Amino acid sequence: MNYKRIYDEIISNAKNRITNKGDYFEKHHIIPKFDNGSNDKDNLVRLTAREYFIAHLLLMKIYKTGKAYFAFKGMCNWKSSKQMRLLHLKLSP
């Protein structure tokens, strides 16, 4: 399976999305911070909770490193206001 192609499609779709005020999104680094990705605007995209989860799962499969695994694991266990993502994941179709 071509995980990179799927990841790139998610990012491309997100870049072209028209969003509505009040919709829930996560800020996502296209090139991950663990791979020297920056906080520059062109490296950030807004993903739905479902896309965010899938993107991190794909990054773990693409990079196959401990850093990618810990980024995914940390995202799943983050205890903060980001916990809303879990609610949105459960409600998403």
Side-chain angles (χ1 to χ4, degrees):
M1 186 171 291
N2 189 337
Y3 300 121
K4 177 78 167 102
R5 181 189 56 78
I6 297 167
Y7 178 79
D8 290 342
E9 285 179 19
I10 290 171
I11 299 304
S12 178
N13 289 339
K15 285 182 175 180
N16 296 317
R17 174 184 298 127
I18 297 172
T19 60
N20 297 314
K21 188 173 182 174
D23 288 348
Y24 181 83
F25 291 97
E26 294 278 345
K27 190 181 341 178
H28 176 71
H29 292 87
I30 299 167
I31 299 171
K33 300 265 305 195
F34 66 77
D35 194 31
N36 297 318
S38 70
N39 289 326
D40 294 340
K41 186 178 178 182
D42 62 338
N43 190 45
L44 296 171
V45 66
R46 293 174 54 168
L47 300 178
T48 66
R50 185 183 203 94
E51 289 169 336
Y52 190 64
F53 179 85
I54 293 168
H56 275 273
L57 183 60
L58 290 168
L59 287 172
M60 190 174 67
K61 292 178 177 288
I62 292 165
Y63 283 90
K64 299 177 184 171
T65 65
K67 289 180 180 181
Y69 169 79
F70 287 115
F72 176 74
K73 181 92 169 135
M75 179 210 59
C76 291
N77 293 326
W78 197 350
K79 303 285 187 218
S80 73
S81 62
K82 299 287 186 184
Q83 288 299 82
M84 282 300 294
R85 83 167 56 100
L86 298 177
L87 174 63
H88 288 275
L89 277 173
K90 291 177 184 174
L91 296 177
S92 296

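In this chain, residues are counted from 1 in sequence order. Just so it is clear, the structure is predicted and the values come from calculations on it, not from any experiment.
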Take Leu44 and Ile30 through the test side-chain contact (heavy atoms from CB on, under 4.5 Å) and record every step on the way to the result.
CA-CA 6 Å; Leu44 296 171; Ile30 299 167; over 6 Å; no
Taking the six-membered ring where the residue is Trp, are the ring centres of Phe72 and His56 under 6.0 Å apart?
no
Pairwise side-chain contact, Asn39 with Asn43, heavy-atom cut-off 4.5 Å (strictly under):
no
Interatomic spacing from NE2 in His28 to CZ in Arg46 - rounded to 0.5 Å
14.5 Å
Any residue meeting ring-ring contact (aromatic ring centres under 6.0 Å, His included) with Tyr3, in chain and number order, not counting sequence neighbours
none
Is the shortest side-chain heavy-atom distance between Asp35 and Tyr63 below 4.5 Å?
yes
Do Ile62 and Tyr69 sit in one hydrophobic cluster, given that two such residues count as connected whenever their side-chain heavy atoms are within less than 4.5 Å of each other, even indirectly?
yes
Run Leu58 and Ile10 through side-chain contact (heavy atoms from CB on, under 4.5 Å) and show every step you take.
CA-CA 10 Å; Leu58 290 168; Ile10 290 171; 3.8 Å; yes
Calculate, to the nearest 0.5 Å, the distance between atoms CD1 and CD1 belonging to Ile6 and Ile54 respectively.
9.5 Å
Is the distance from the ring center of Phe34 to that of Phe70 below 6.0 Å?
no
Check whether any side-chain heavy atom of Leu59 sits under 4.5 Å from a side-chain heavy atom of Tyr7, and report yes or no.
yes
Test of understanding: with ring-ring contact (aromatic ring centres under 6.0 Å, His included), list the residues that count as partners of His29, not counting sequence neighbours.
none
Could you list all the salt bridge (charged side-chain N to carboxylate O under 4.0 Å, His left out) pairs where at least one residue sits in residues 10-23, not counting sequence neighbours?
Arg17-Glu51
Is there a side-chain contact between Tyr52 and Thr48 in this structure, where contact means two heavy atoms from C-beta onward sitting under 4.5 Å apart?
no
